There are 2 protein chains.
Amino acid sequence: MSEKFSQKRTLSGVIAKLKTAGLRPTRQRIALAKLLFEPNDRHVTAEDLHKKAITASISVSLATVYNTLHQFTQKDLLREVVVEPGRSYFDTNTDDHHHFFNENTGSLEDIPSDQIFVSALPSAPLGTKVRRVDVIVRVEEAAD
Amino acid sequence: MSEKFSQKRTLSGVIAKLKTAGLRPTRQRIALAKLLFEPNDRHVTAEDLHKKAITASISVSLATVYNTLHQFTQKDLLREVVVEPGRSYFDTNTDDHHHFFNENTGSLEDIPSDQIFVSALPSAPLGTKVRRVDVIVRVEEAAD
DNA sequence: TCAATAGATTAGAACGGTTCTAATGAAGGA
DNA sequence: TCCTTCATTAGAACCGTTCTAATCTATTGA
Ligand SMILES: [Mn+2]
Ligand SMILES: [Mn+2]
Ligand SMILES: [Zn+2]
Ligand SMILES: [Zn+2]
């Protein structure tokens, strides 16, 4: 597969993905989607992604990065993961899964849902229904 | 049990608790501990507790509320619960347990650890050890 | 092809929860 | 009581995030 062709495929794939989600394929959204939707899943903060874009010479404002991350989340292209106060992570893996969170480094690692099992829960509080079950395994650097 | 006696018991109990933890029983810490360590477990934010104190005519600064919550957490009198970005909850229940989190109201409800079971996990990332496993069941108001 | 329009982007201000600073006050040991 | 250490405080600073309102761009249908 030539580089040009692979680039083209990525580009058209990204545009299709945006259109399918009902989002206009703007220069900024296309560029951010390309950074996000690489083969390997990623867990990024808004500022991570903004830095990454700037480094890649993609001119985009921080406000647009936030807008885009939230729109992608709303359209189920991303998932928001909350593990520490004052900072949101966005996850390119939208499958049902869980996380290891390293409290020393701030890094997130997926736990596929078939590698963990949460028993039947007590019933949800009256008048509510379960939207999602998040398991966060908090780890720390082991003492030597 | 007379009210005076019950008050005295609470006061001396609280002071003992602080001393045991290695914290000077100051006026502010005693007052906040009394608000926190009531029979029923609570999930409060710093601003919740500060308001509660002011309402109860306890003069204490917000900075001291934050200091105290963090000190209590460090001494294992409280546990921090992270469920939404930009706001920390402090939990008077320090036993191993999990939570329902109502995303509409922001309320937390305990799930005793014997009412939920998380299977053996995949091993923690290399060089790390598990500090805690948090299960957060996110619920929302049910449609009518 | 070209308005017209709806939607997107942007810089910078504002926001809200939290932390810091450095000055004052209180606890507790000698 | 005096002294040292620790705690409290008001207010400023901080920092991630959201808002504002001006500018720009994608889309569409004439
Ligand atoms: Mn990061
Ligand atoms: Mn609250
Ligand atoms: Zn993930
Ligand atoms: Zn709890």
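As the structure is a prediction and not an experimental result, all values here were calculated from the model. Chain A is the first sequence line, chain B the second, and so forth, proteins listed ahead of strands; every chain is numbered from 1.
In this structure, His50(B) has its ring center no closer than 6.0 Å to that of Tyr66(B). The distance between the ring centers of Tyr89(A) and His99(A) does not fall below 6.0 angstrom.
Protein atom CZ of Arg87(B) is 7 Å distant from nucleotide atom P of dT18(C), rounded to whole Å. Distance, Leu62(A) CG to dA14(C) P: 17 Å, rounded to whole Å. Atom CG of Asn67(B) and atom P of dT21(C) are 13 Å apart (whole Å). At whole-Å resolution of the value, CD1 in Ile15(A) and P in dT25(D) are 17 Å apart. In this structure, Lys19(B) places its NZ atom 14 Å from P of dA7(D), rounding to the nearest Å. Atom-to-atom, CG of Leu18(A) to P of dT9(C) comes out at 10 Å; the value is rounded to the nearest Å. Regarding His50(A), its NE2 atom lies at a distance of 13 Å from the C1' atom of dG12(C), rounded to whole Å. The nearest whole Å value for the distance from the CG atom in Leu23(A) to the C1' atom in dA6(C) is 15 Å.
Residue Thr26(A) places at least one side-chain N or O closer than 4.0 Å to OP1 or OP2 of dT9(C). Contact between the side-chain N/O atoms of Arg24(A) and the OP1/OP2 oxygens of dT27(D) is not found at any separation under 4.0 Å. Contact check, Tyr66(A) against dT17(D): a side-chain N or O comes under 4.0 Å of OP1 or OP2. Taking 4.0 angstrom as the limit, His70(B) places none of its side-chain polar atoms (N or O) nearer than this to OP1 or OP2 of dT18(C). The side chain of Gln28(B) places an N or O atom within less than 4.0 Å of a non-bridging phosphate oxygen (OP1 or OP2) of dT9(D).
When the nucleotides dA8(C), dT18(D), dG17(C) are ranked by their closest atom to the side chain of Arg29(A), dA8(C) comes out on top. The nucleotide whose nearest atom lies closest to any side-chain atom of Thr64(A) is, among dT9(D), dT9(C), dT18(C), dT9(C). If you check dT18(C), dG16(D), dT8(D) against the side chain of Glu47(A), the one that comes closest is dG16(D). In the set dG17(C), dA11(C), dT17(D), dA11(C) carries the atom at the smallest distance from any side-chain atom of Ala63(A).
Within the 4.0 angstrom heavy-atom criterion, only backbone atoms of the sugar-phosphate kind lie near Pro25(A); the bases stay farther away.
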Test side-chain contact (heavy atoms from CB on, under 4.5 Å) applied to Arg29(B) and Val60(B), step by step: CA-CA 9 Å; Arg29(B) 293 207 275 231; Val60(B) 61; over 6 Å; no

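For the side-chain contact (heavy atoms from CB on, under 4.5 Å) with Thr73(A), the lone residue among Leu78(A), Thr68(A), Thr94(A) that qualifies is Leu78(A). Shown are Asp41(A), Asp110(A), Asp134(A); of these, the salt bridge (charged side-chain N to carboxylate O under 4.0 Å, His left out) with Arg79(A) is made only by Asp134(A).
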